[in-house]
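Inspection log for the structure reproduced underneath, given as structure tokens.
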There are 2 protein chains.
Amino acid sequence: MSQREDAKAERRRRIVAAARDLIRETGDAGLSMRAIAARAHVSLTTPYNLFGSKRAIVIAVLEDVREFHDRFSNLRHTDPIDRIFHALRLSLGYYAEDPDFYRTLWSEALNPGGKELRSELITPQRYAFWWALLVEAQRDGALLADLDLDLLLRSLDLVFGATMLAWVLGGLQVDELEASVGFGYALALRGAANPDSQPGIEKRLKTYQRQLVRSRKKAQAA
Amino acid sequence: MSQREDAKAERRRRIVAAARDLIRETGDAGLSMRAIAARAHVSLTTPYNLFGSKRAIVIAVLEDVREFHDRFSNLRHTDPIDRIFHALRLSLGYYAEDPDFYRTLWSEALNPGGKELRSELITPQRYAFWWALLVEAQRDGALLADLDLDLLLRSLDLVFGATMLAWVLGGLQVDELEASVGFGYALALRGAANPDSQPGIEKRLKTYQRQLVRSRKKAQAA
DNA sequence: CACATTATTCATACGTGTTATGATTATAGG
DNA sequence: CCTATAATCATAACACGTATGAATAATGTG
């Protein structure tokens with residue numbers, strides 16, 4: 001790699017790190033392009049040259065932390081359906097540990113303000129991981145045979161993204177996140193499942209429902 | 001109503017109309033608070049007094065046009081499930097006729113930039129309409145008896161909102177909107193349905209799947 | 001090594017949503 | 001009719017994301 005590309009990669013790294021740290025320290029309040037640029041010791045224009053927009057930077061941060069805890073990919077579970085919900089639980093566990101950080105991240109990532117017109121919220125690796133799970137489930141006969149798994153996966157992603165959006169817009173608490181996404185996943189997966197596999201998913205559905213109803217009652221009391 | 005409140009309501013009306021017309025004529029490019037205020041013949045500060053934020057104005061516009069075509073609420077169908085998909089079709093038909101208008105609307109409405117932290121994307125009337133449909137479906141035995149309809153409705157709304165977001169972010173074409181939301185609805189409803197009602201929903205699922213696969217192939221060819 | 005090219009950074013400016021500040025107007029109550 | 005008051009007004013300011021052209025650094029070639 002040339003010296004130029006090297007320096008560029010270094011700047012990129014510094015910018016992502018600066019954004020990550022700023023979110024960690026000050027929340028979304030202190031996350032301005034000027035602050036990011038100053039912290040990364042680059043000019044205000046440089047992040048635009050290297051990333052294109054603020055949203056792209058935030059998405060890079062999101063990918064950065066994701067890579068970190070995508071290790072659960074090699075978890076071994078007998079049932080692929082079980083693995084889906086297990087992965088969900090692990091993933092959202094990080095959110096519960098550091099809600100301010102992730103809420104800011106998603107808030108900026110879902111910001112439709114710009115003109116770029118690309119989501120890029122799902123990487124090829126993540127796609128491959130989930131797709132493999134669905135393929136396995138379908139081969140096991142758990143899912144409808146003639147269902148397009150690409151569309152099913154897209155639907156699950158929609159549920160996930162929508163829940164993040166609801167969280168960001170204030171319609172959801174952190175402790176409701178897992179149950180909310182889980183309920184949506186269970187609904188969709190039961191809808192995609194063959195009769196034999198439905199009871200197990202239905203059980204999860206009811207579990208998440210209990211959690212959500214409980215936290216809703218608690219919210220009404222307050 | 002006092003004369004003062006009357007004048008206030010008038011200004012409110014003018015502001016919403018100004019925003020609506022500006023979106024219609026210039027898209028999101030010309031939709032600035034200064035332009036809205038000028039067009040409504042009010043000061044820049046007045047919209048903030050009456051609505052609080054730009055997003056609130058846009059949501060008011062969204063409600064305004066919704067009221068206009070909420071007449072399908074009194075459509076009579078035998079099957080409540082059928083009515084759900086029929087309402088969906090009618091609703092998204094308007095979007096297909098005027099995509100730029102609605103895309104701008106949703107783009108601004110989903111903008112999480114502000115600090116307000118309230119979604120307000122669903123009004124009591126809309127909620128009541130959909131809830132009545134679901135109650136009827138459950139009483140007919142179509143849906144699982146012990147399923148919380150509030151949560152199901154919330155899930156359907158998440159699918160809808162997420163699809164709008166995907167549209168806004170550029171991951172979806174206008175002509176894919178109905179099939180995309182429909183696929184998600186069918187998945188969730190089949191997941192919420194009793195065995196007897198599942199075949200009918202499954203048929204819809206496959207229909208939407210065919211549409212989506214077709215338009216995806218067409219997109220790949222280009 | 002020196003030079004011309006080109007990629008990258010820089011300082012600056014623009015338009016945005018939003019808020020603050022007094023002045024000004026129109027309404028409500030006596 | 002007159003005063004108190006609530007609303008709007010014009011204006012300026014703030015911080016933000018982004019666009020632009022000038023300045024600067026690294027690169028490949030003679």
Side-chain angles (χ1 to χ4, degrees), chain A residues 1-15 18-19 22-23 26-61 104-105 107-118, chain B residues 1-16 18-19 22-23 26-61 104-105 107-118 169:
Chain A
M1 194 188 269
S2 79
Q3 199 171 355
R4 204 167 232 165
E5 292 299 315
D6 242 27
K8 206 151 53 158
E10 233 290 307
R11 270 181 234 115
R12 236 191 279 262
R13 219 173 300 130
R14 283 214 307 270
I15 290 169
L22 277 174
I23 297 177
T26 66
D28 54 349
L31 189 72
S32 73
M33 287 298 267
R34 284 159 179 88
I36 295 173
R39 179 114 181 190
H41 298 292
V42 294
S43 149
L44 174 58
T45 338
T46 301
Y48 286 99
N49 288 326
L50 299 181
F51 291 88
S53 72
K54 183 182 183 182
R55 209 178 128 237
I57 297 176
V58 174
I59 290 180
V61 175
T104 302
L105 223 43
S107 170
E108 298 282 347
L110 294 177
N111 204 333
K115 296 279 167 293
E116 324 156 39
L117 289 193
R118 272 301 122 200
Chain B
M1 193 190 270
S2 78
Q3 200 169 5
R4 203 167 232 166
E5 292 300 314
D6 241 26
K8 218 163 24 171
E10 234 289 308
R11 272 181 229 114
R12 239 190 278 261
R13 219 173 300 130
R14 283 212 309 269
I15 290 169
V16 171
L22 277 174
I23 297 177
T26 68
D28 53 349
L31 190 72
S32 73
M33 287 299 269
R34 287 162 179 86
I36 294 174
R39 179 114 182 190
H41 298 292
V42 295
S43 147
L44 173 60
T45 19
T46 301
Y48 286 98
N49 287 329
L50 298 180
F51 290 89
S53 73
K54 183 182 183 182
R55 202 174 136 242
I57 296 176
V58 173
I59 289 179
V61 174
T104 302
L105 222 43
S107 170
E108 298 282 346
L110 294 177
N111 204 332
K115 294 278 165 293
E116 323 157 39
L117 290 191
R118 272 300 124 201
L169 290 179

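Just so we're on the same page: letters track the sequence lines, and every chain starts at 1. Remember, it's a predicted structure, so these values are computed and weren't measured experimentally.
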*Any idea which of dC9(D), dT8(D), dT18(D) is nearest the S43(B) side chain?*
dC9(D)
*Kindly point out which of dA7(D), dT27(C), dA11(C) is positioned nearest to the side chain of R11(B)?*
dA7(D)
*Looking only at atom types and distance, does a side-chain atom of R55(A) sit under 3.5 Å from a main-chain N or O of L110(A), one as donor and one as acceptor?*
no
Distance check: side-chain N/O of [X] vs OP1/OP2 of [N], anything under 4.0 Å?
{"X": "T46(A)", "N": "dC10(C)", "result": "yes"}
{"X": "Q3(B)", "N": "dA26(C)", "result": "no"}
{"X": "N49(B)", "N": "dA7(D)", "result": "no"}

*What does L50(B) touch in the nucleic acid at a heavy-atom separation under 4.0 angstrom: a base, only the sugar-phosphate, or nothing?*
sugar-phosphate
Distance from [X] atom [atom1] to [Y] atom [atom2], nearest 0.5 Å?
{"X": "T46(A)", "Y": "R12(A)", "atom1": "OG1", "atom2": "CZ", "value": "11.5 Å"}
{"X": "K8(A)", "Y": "R13(A)", "atom1": "NZ", "atom2": "CZ", "value": "13.5 Å"}
{"X": "R11(B)", "Y": "N49(B)", "atom1": "CZ", "atom2": "CG", "value": "9.5 Å"}

*asked:* With nearest nucleotide decided by heavy atoms, which residue, E108(B) or A7(B), maps closer to the 5′ end of DNA chain C?
replied: E108(B)
_Go nucleotide by nucleotide along DNA chain C from the 5' end; which of T45(B) and Y48(B) gets its closest nucleotide reached first?_
Y48(B)
Using whole Å, report how far [atom1] of [X] lies from [atom2] of [N].
{"X": "F51(B)", "N": "dT19(C)", "atom1": "CZ", "atom2": "C1'", "result": "19 Å"}
{"X": "H41(A)", "N": "dT9(C)", "atom1": "NE2", "atom2": "P", "result": "15 Å"}
{"X": "K8(A)", "N": "dA7(C)", "atom1": "NZ", "atom2": "P", "result": "9 Å"}
{"X": "I15(A)", "N": "dT8(C)", "atom1": "CD1", "atom2": "C1'", "result": "12 Å"}
{"X": "R55(A)", "N": "dT18(D)", "atom1": "CZ", "atom2": "C1'", "result": "15 Å"}

*Are any of the side-chain heavy atoms of F51(B) and I59(B) separated by less than 4.5 Å?*
no
*asked:* Measuring only between side-chain heavy atoms, which start at C-beta, is L50(A) closer than 4.5 Å to I15(A)?
replied: yes
Could you list the protein-to-nucleotides 13-16 of chain C atom pairs, N/O on both sides, closer than 3.5 Å?
none

Enumerate donor-acceptor pairs with a distance under 3.5 Å from any side-chain N or O in residues 30-42 of chain A to protein atoms, sequence neighbours excluded.
from, atom 1, to, atom 2, distance (Å)
S32(A), OG, A35(A), N, 3.0
R39(A), NH1, E25(A), OE1, 3.1
R39(A), NH2, E25(A), OE2, 2.9

*Terminal axes of the helix from dT5(C)-dA26(D) to dG30(C)-dC1(D) (five pairs each): angle between them, nearest 10 degrees*: 10°
